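Just so we're on the same page: letters track the sequence lines, and every chain starts at 1. Atom set for the values below is all heavy atoms of this structure, side chains included, hydrogens, waters and symmetry mates excluded. All values derive from a computational prediction rather than experimental measurement.
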Number of protein chains: 2
Amino acid sequence: MRQKEKVTIYDISKKLNISAATVSRALNDSNRVSLKTKELVLKTAKALNYQQNALALALKSGRTFNVGVVVPYINHTFFASVIRGIEEELEPKGYHVIICQSHEDVNNEAKQLKTLLNTHIDGIFISVSKTTEDVKHIEEVRDEGIPLIFFDRKKDISGVSSVTINDYEGAYNATTHLIEQGYKKIAHIGGDHKLQIYKHRYDGYVAALNDHNIAIDENLIMQVSSTVEAGIEAVKLLMKRKIAFDALFSASDYVALGGMRELRAHGFKIPEDIGVVGFSNEPFTKYLERPLTTVGQTPVLMGQIAAQVFLEQISDVKKNVQVEKKVVLSPELYTRDTSSKKGS
Amino acid sequence: MRQKEKVTIYDISKKLNISAATVSRALNDSNRVSLKTKELVLKTAKALNYQQNALALALKSGRTFNVGVVVPYINHTFFASVIRGIEEELEPKGYHVIICQSHEDVNNEAKQLKTLLNTHIDGIFISVSKTTEDVKHIEEVRDEGIPLIFFDRKKDISGVSSVTINDYEGAYNATTHLIEQGYKKIAHIGGDHKLQIYKHRYDGYVAALNDHNIAIDENLIMQVSSTVEAGIEAVKLLMKRKIAFDALFSASDYVALGGMRELRAHGFKIPEDIGVVGFSNEPFTKYLERPLTTVGQTPVLMGQIAAQVFLEQISDVKKNVQVEKKVVLSPELYTRDTSSKKGS
DNA sequence: TATTTTTATGCAATCGATTGCATTTTTGTT
DNA sequence: AACAAAAATGCAATCGATTGCATAAAAATA
């Protein structure tokens, strides 16, 4: 099965006995072609089912109408949803979205960026891996002049735009909510501060306690990975150390879930004895028998806005203006069953 | 910020005072170039940081090393996981994955295929939308000679390969499991038979009942959409009609979840009074307080195998052999809490 | 050394579309 | 009718890499 041979502007030019240049101009609605030939060309183009060869155009113009997205894993709900947002925003403009996974490994991330550059992408969206500390590979992309946009997990690099959520605010609101519900000793199981998001969530938690004159107790604060098992272990450790607390603010829904399991195993009732708030609004949180209160991140919107920032950026590049836009979205607290002291 | 100008084979050829043709041959390790110049070229290429221009190559060769994937929504766990499998299998071979969404709309699907063809993709993976009945747009892709692979949701089109799971077997095993646990009147809330997967699940359910000499009761069988709400409504309807049953096999985890909620609202205990089995092994199923028994589909594996079928196919195309490969994966029943009559 | 064979290299076309510059055709003016 | 101005079209190079065919250089043979 061989491929059908495609119709080119030369086929049209031969058929009409005019030059390919004129055909090209006619198709691009140039004012240097008479109306008569323009119509003729358009008609024959339609008749022959002419399709512009995107590759030839890309080679000539340098624009491929492809963008790359680099995420740790594409099947994590959050990232998949951001990608959905990007795709839906860019698709109507004729762009295609190429996806790459870093597997949370900085070397992979660098490799993906390199091959993306070689594919002559028009822009790159990236959420950095957990292991990304050195950012040379990212600066290289910037220095190539390719529009680059961070989303959610960013690094502070000059000349690179970003779309993130206000993790600080999300954590602050979540913690404040717990305080307002009457909880007094609030533990925080967070994530590795190498990722800004976890640092900011920690900061928000601390600020909320400070603002309500609650002393920070280092014994109540931990950093673990974002898994159910880690949540179980973390609570086990707190129990073993006999550290009392009446609420748990976790930087991860998975950790919150694990934590709740372990707490229940120890006979605590949620939310009566211990209130729990998670982070991310993972789909499972609302399907639990006692739906989990959590901080929602509007990932689809994040993707859409990242795409908009990209579109702005490429129009600015044309004007030879360099921009560095930082968009910070507000998170939303989904108040559900696990955080109202009186039960629901 | 203008883009860095790229190094081409002409830059190398000028530097070495040889022709670009020789440079090209040297880089491709042709045996028509002397070892001396080969080494020289390779050295200068490295020194100048030469990167082959993928676009020029694609224009010349007709191969882009891009493949397209069309799914209803990329942020549905199942599809995202299949895409992950495809990406991980093809990435080492130098391919990039372009994603497209049909939004469960056949017109969108057709449009996406058309723009993918125009992007000169090397192959297309597709899981059809719910509204896809007419398959002309898919046949067109096949007729263009582009390798095409269905995954999960397929249509019967000659000359198109597919990778699916054995929905019949999955349903048969799930139903048999319920029977073996002692449940006798098993309801089936399935999906629209326009999608083969739902028809096959229905068939498997029926076959299991037949094989165990249980009469089929049409009153216990429904077709609804795959949502929690639909599950609630379906059970409500059964209750209203006072139709007794002691087990529920749902073709969707979401429907199973909604069904369980409604059943509990009516005072039924799960699994003691009513056993429940879902389908898909959605992530939330294992996080429920009573984890849901469900049929797992190994989506990542499905993606990997689809990618392998694609790779085989393009090597066969070279040999001018036409193949139509149908791979059917076996599902796995995850036996959890909701289906053991004695409780767990 | 002369001639054939082998090996290495170059020329120029090709993949399609675009575009600056030159040329031809048409239109308008006197 | 003659000429200037304007409009329409064509030529050929360009974007990089590849490749069939021709030629040049080196090696092998007589």
Side-chain angles (χ1 to χ4, degrees), chain A residues 2-42 44-45 48-66 94 117-122, chain B residues 2-42 44-45 48-66 94 117-122 145 318:
Chain A
R2 88 182 73 85
Q3 311 225 155
K4 272 191 195 171
E5 65 297 330
K6 302 276 183 180
V7 177
T8 73
I9 52 170
Y10 295 97
D11 298 319
I12 300 178
S13 76
K14 259 176 231 154
K15 187 141 201 168
L16 297 178
N17 257 321
I18 56 179
S19 76
T22 303
V23 174
S24 172
R25 292 199 184 94
L27 291 171
N28 288 292
D29 202 25
S30 157
N31 61 351
R32 306 177 55 68
V33 182
S34 73
L35 208 74
K36 220 180 298 171
T37 37
K38 229 182 247 182
E39 282 170 355
L40 216 62
V41 167
L42 255 39
T44 6
L48 297 179
N49 190 29
Y50 167 78
Q51 304 274 108
Q52 192 187 45
N53 185 319
L55 287 175
L57 184 59
L59 177 60
K60 190 87 220 299
S61 69
R63 294 186 66 185
T64 55
F65 280 92
N66 286 154
L117 286 185
N118 199 233
T119 316
H120 296 257
I121 238 67
D122 289 352
Chain B
R2 87 181 75 84
Q3 310 227 156
K4 272 191 196 170
E5 65 297 330
K6 302 278 184 178
V7 177
T8 72
I9 52 170
Y10 295 96
D11 298 319
I12 300 177
S13 76
K14 258 175 233 157
K15 187 141 200 165
L16 296 177
N17 256 322
I18 55 178
S19 75
T22 304
V23 174
S24 172
R25 292 198 185 94
L27 292 171
N28 288 292
D29 201 26
S30 156
N31 61 349
R32 306 178 55 68
V33 180
S34 74
L35 208 73
K36 221 180 299 172
T37 38
K38 229 183 248 184
E39 281 171 355
L40 217 61
V41 168
L42 255 39
T44 9
L48 298 179
N49 191 28
Y50 166 78
Q51 303 274 107
Q52 192 186 45
N53 184 317
L55 287 175
L57 184 59
L59 178 60
K60 190 86 221 299
S61 69
R63 292 185 69 185
T64 55
F65 280 93
N66 285 154
L117 286 185
N118 200 232
T119 315
H120 296 257
I121 239 66
D122 289 352
K318 275 191 209 141

Give the rounded distance in Å between these two atoms: [atom1] of [X] and [atom2] of [N].
X       : N      : atom1 : atom2 : answer
B/Ile12 : D/dG16 : CD1   : P     : 13 Å
B/Phe65 : D/dA17 : CZ    : C1'   : 14 Å
B/Leu57 : C/dC15 : CG    : C1'   : 11 Å
B/Leu55 : C/dG16 : CG    : C1'   : 13 Å
B/Gln52 : D/dA17 : CD    : P     : 7 Å
B/Arg63 : D/dT18 : CZ    : C1'   : 15 Å
A/Leu27 : C/dA17 : CG    : P     : 8 Å
B/Asn53 : D/dG16 : CG    : C1'   : 6 Å

Next item on the list: Do nucleotides 4-14 of chain D as a string where each nucleotide becomes B, S or -: B if the base has a protein heavy atom under 4.0 Å, S if just the sugar-phosphate does, - if no protein is that close.
Entry: ----BBBB--B

Notebook entry, point to check: Under 4.0 Å: is that the gap between some side-chain N or O of B/Gln51 and OP1 or OP2 of D/dG16?
Noted result: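 So the side-chain polar atoms of B/Gln51 never come under 4.0 Å of the phosphate oxygens OP1 or OP2 of D/dG16.
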
Notebook entry, point to check: So, is A/Asn28 close to the C/dA17 phosphate, meaning a side-chain N or O under 4.0 Å from OP1 or OP2?
Noted result: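 False: A/Asn28 side-chain N/O out of range (4.0 Å or more) of C/dA17 OP1/OP2.
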
Next item on the list: Have a look at B/Ile9 and say if it touches a base, only the backbone sugar-phosphate, or nothing, with a 4.0 Å heavy-atom cut-off.
Entry: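 The answer is base, as B/Ile9 lies within the cut-off (heavy atoms under 4.0 Å) of a base atom.
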
Next item on the list: Over all heavy atoms of both residues, which pair between B/Val7 and B/Tyr50 is shortest? Give the atoms and the distance, please.
Entry: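 What the structure gives for the nearest pair is O-CD1, 3.3 Å.
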
